Amino acid sequence: MTSPRFAPGTFAPAPGRGSIARMLFTHARAETTLTLRHGEQILLTLLIPLALLVGLTLLDVLPMGDLLAADGTTVAKIDWVTPRILALAVMSSAFTGQAISLGFDRRYGVFKRLAATALPRWTLVTGRIVAALVVVVAQVVVLGGVAALLGWQPELSGVLMAVLLLVVGTVCFGALGVLLGGALRAEIVLALANIVWFMLLLAGGILLAPAALPDALAVVVRLLPSGALAEGLRAALVDGATAWTELGVLAAWGVAAGALATRTTKLS
Amino acid sequence: MSESPQRADGDSRAPALDLAGLTKRFGATTAVNGIDLHMPRGQLLALLGPNGAGKTTTIELCEGFLRPDAGTVRVLGLDPIASGAALRPLIGVMPQGGGAYPGIGCAEMLRLVASCGANPLDVDWLLDILGLGACGRTPFKRLSGGQQQRLSLACAIVNRPELVFLDEPTAGMDPQARRLVWELLAALRADGVSVLLTTHLMEEAETLADHVVIIDNGDIVASGSPTALTSGDPENTQMRFRARAGLDTDLLAAALPEGYGVRETSPGSYRVDGSVDPQVISAVTAWCAQQGVLAEQLQVGKRDLEDVFLELTGRELRT
């Protein structure tokens, strides 16, 4: 067959792997823009946390028992609510959003398609986590901005600790999201990721602080990634304290979930 | 088996594919049953078989997506599982259906895949040539089935691989797109790319392939060039014609010399098998004239690939 359309040599093999940095950048950018374009993801990652931030600050619905800082002064409600909402935002995007999108990417063959390219397997996950970090930055900017309008005054000495907690928390919840989204059928992932999100929101230390719970339950909640992140952010942003224990809890969950996920994650 | 030292770009002397005793089971089902297959570089090999014959499983074993239960796979001299990271930059893969984020723009998806290669083709040119130039921003889920297939094909070839695996590349395409893809596949082959494709279109295999392999129930039932497969027995030519449906084929067979078979392959289409010579042709037309019918579209020729395929894999519909 002669081919006027394709000059000879057009497709002459010239295989090779592209630069890792460029692959990672392109993959993370694609994942980020897809998340930010996706209506349900925006609802989950921004609108619900935003509604809770405003609602909890303006209405009296939560137990007020621990509106006391470590030094005994009273804490303004917005200062108490904002760290917990930031923890929720991380859990929403890095865990629930990540799990669901991975579940459906596997269903639609995207994961397999990318796994068939020169993209090394570890960058498949790294790209997603970088995307999750970018989304978390956007969430912090929007939620922090609205909180500031409502009068939020974080303890500046704790900001560095808070950033560290947000990064480790994102990686930790991201690993948990990959663990869930990489192993089960898309519909089951969708259901479980939402149920877990709801349970951790209510009983996992996000809306109800461990201090407001019975002692035995409080111990368990502090060891959950949700409780550790919320309590760590509260310690940092309200009291300007360090939160190494909470950071350690998050790191432990992340390492365990990541190790397990490398065995259980399936391409399709 | 010990791995011999290999260059990063694969062993250039190794064949495109070398499968030996390859077996894959899913529970009680044996999808691929100990097949041996050798494919030299630069060839276009078409894998044919009914649905469920084991074509996709074979391809996925070659791509390293599945681990064989027995036997060995060497792709460009590499084990696709143990040396997957070295192999993947050398191959292009077009899976069956899907293979893109539902919400991603057509061009964005191709650019993402192109970012994985060292020397990709020009993305805009490739989109243009495949008739996707106008859908650069269209999300994947809004593309037609044929457009999705063309994008998927583009993703498989954009990084200028040594070897491409195409699982039903023309499924769901209109005739124009199909011809374009055939032209593209011929150009790939002419440029030295090895191509393994699966297809249900006999015309596709007959026109493009250097080598055809027919598999059924996980076994290779025939293998050879299209010419070798269709020529078979030199005595075994055939004559086809069309006439009124429902002619008595036994009566016609009785009017011919011993050893000729007559069948109505579909209503009004008849086939005479045997060594067809001028006497036989005249006997058939004479018999038709006696019946008061006109034999139309009379053709004498070899079996085509579809005949071979149906002979080997049976005529029953697969579920």
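Just so you know, these numbers come straight off a predicted model, no measurement behind them. Every chain is numbered from 1, with letters handed out A, B, ... down the list of sequences. The analysis underlying the following values was restricted to heavy atoms, covering all of them including side chains, and did not include hydrogens, waters or symmetry mates.
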Exercise. Between A/Arg17 and chain B, which part of the residue has a heavy atom less than 4.5 Å away: side chain, backbone, both or neither?
Worked result: both

Problem set entry | Residue among B/Ile91, B/Leu188, B/Ile157, B/Asn159 with most heavy-atom pairs under 4.5 Å to chain A | B/Leu188

Exercise. Which atoms of B/Leu121 come close to chain A, meaning under 4.5 Å heavy atom to heavy atom: side chain ones, backbone ones, both, or neither?
Worked result: side chain

Seminar exercise, completed: dist B/Arg111:CZ -> A/Thr26:OG1 (nearest 0.5 Å) comes out at 10.5 Å

Exercise. Around atom CZ of B/Arg142, are there more than 12 heavy atoms of other residues, nucleotides or ligands at under 6.0 Å?
Worked result: no

Problem set entry | Non-hydrogen side-chain atoms of B/Leu112 and A/Leu114 separated by less than 4.5 Å | yes

For this session: Check whether A/Thr33 gets within reach of chain B through its side chain, its backbone, both or neither, counting any heavy atom under 4.5 Å.
Result: side chain

For this session: For the pair A/Arg5 and B/Leu180, evaluate side chain to side chain contact (heavy atoms under 4.5 Å, CB included) and give the outcome as yes or no after the intermediate values.
Result: CA-CA 9 Å; A/Arg5 211 188 303 252; B/Leu180 169 71; 3.4 Å; yes

Problem set entry | A/Phe11 and B/Trp125 aromatic ring geometry - parallel, tilted or perpendicular at 30°/60° bounds | tilted

Problem set entry | Rounded distance (nearest 0.5 Å) linking atom CD of B/Glu60 with atom NZ of A/Lys112 | 3.5 Å

Exercise. Would you call B/Glu108 and A/Arg29 a salt bridge, taking side-chain N to carboxylate O under 4.0 Å as the test?
Worked result: no

Exercise. Just wondering, more than 12 heavy atoms not from B/Phe26 lying within 6.0 Å of its CZ?
Worked result: yes

Exercise. Pick from B/Cys155, B/Ser194, B/Pro95, B/Ala85: which one has the most heavy-atom pairs with chain A under 4.5 Å?
Worked result: B/Cys155

Exercise. Given the options B/Ala100, B/Gly92, B/Pro161, B/Pro139, which has more heavy-atom pairs under 4.5 Å with chain A than any of the others?
Worked result: B/Ala100

Problem set entry | chain B contacts, top residue of A/Pro120, A/Ala30, A/Pro13, A/Ser268 (heavy-atom pairs, under 4.5 Å) | A/Pro13

For this session: May I ask you to test the B/Ser152-A/Arg113 pair for a side-chain heavy-atom distance under 4.5 Å?
Result: yes

Seminar exercise, completed: Ranking A/Ala14, A/Ala116, A/Gly109 by heavy-atom pairs under 4.5 Å to chain B gives rank one to A/Ala14

Problem set entry | A/Trp253, CH2: over 12 other non-hydrogen atoms inside 6.0 angstrom | no

Exercise. What option among B/Gly64, B/Pro102, B/Cys116 has the most heavy-atom pairs under 4.5 Å with chain A?
Worked result: B/Cys116

Exercise. Does a side-chain heavy-atom distance below 4.5 Å link A/Phe6 with B/Asp191?
Worked result: no

Exercise. Got B/Tyr101 and A/Glu31 here, is their nearest side-chain heavy-atom distance under 4.5 Å?
Worked result: yes

Problem set entry | Interface residue of largest heavy-atom contact number with chain A, from B/Ile129, B/Val113, B/Leu163, under 4.5 Å | B/Ile129

Exercise. Checking A/Leu119 against chain B: side chain, backbone, both or neither under 4.5 Å from a heavy atom?
Worked result: both

Exercise. What part of B/Ala190 is in contact with chain A, defined as an atom under 4.5 angstrom from a non-hydrogen atom: side chain, backbone, both or neither?
Worked result: neither

Exercise. So what's closer than 4.5 Å to chain B heavy atoms on A/Ile20: side chain, backbone, both or neither?
Worked result: neither

Exercise. Are A/Leu34 and B/Ile104 side-chain neighbours, meaning at least one heavy-atom pair lies under 4.5 Å?
Worked result: yes

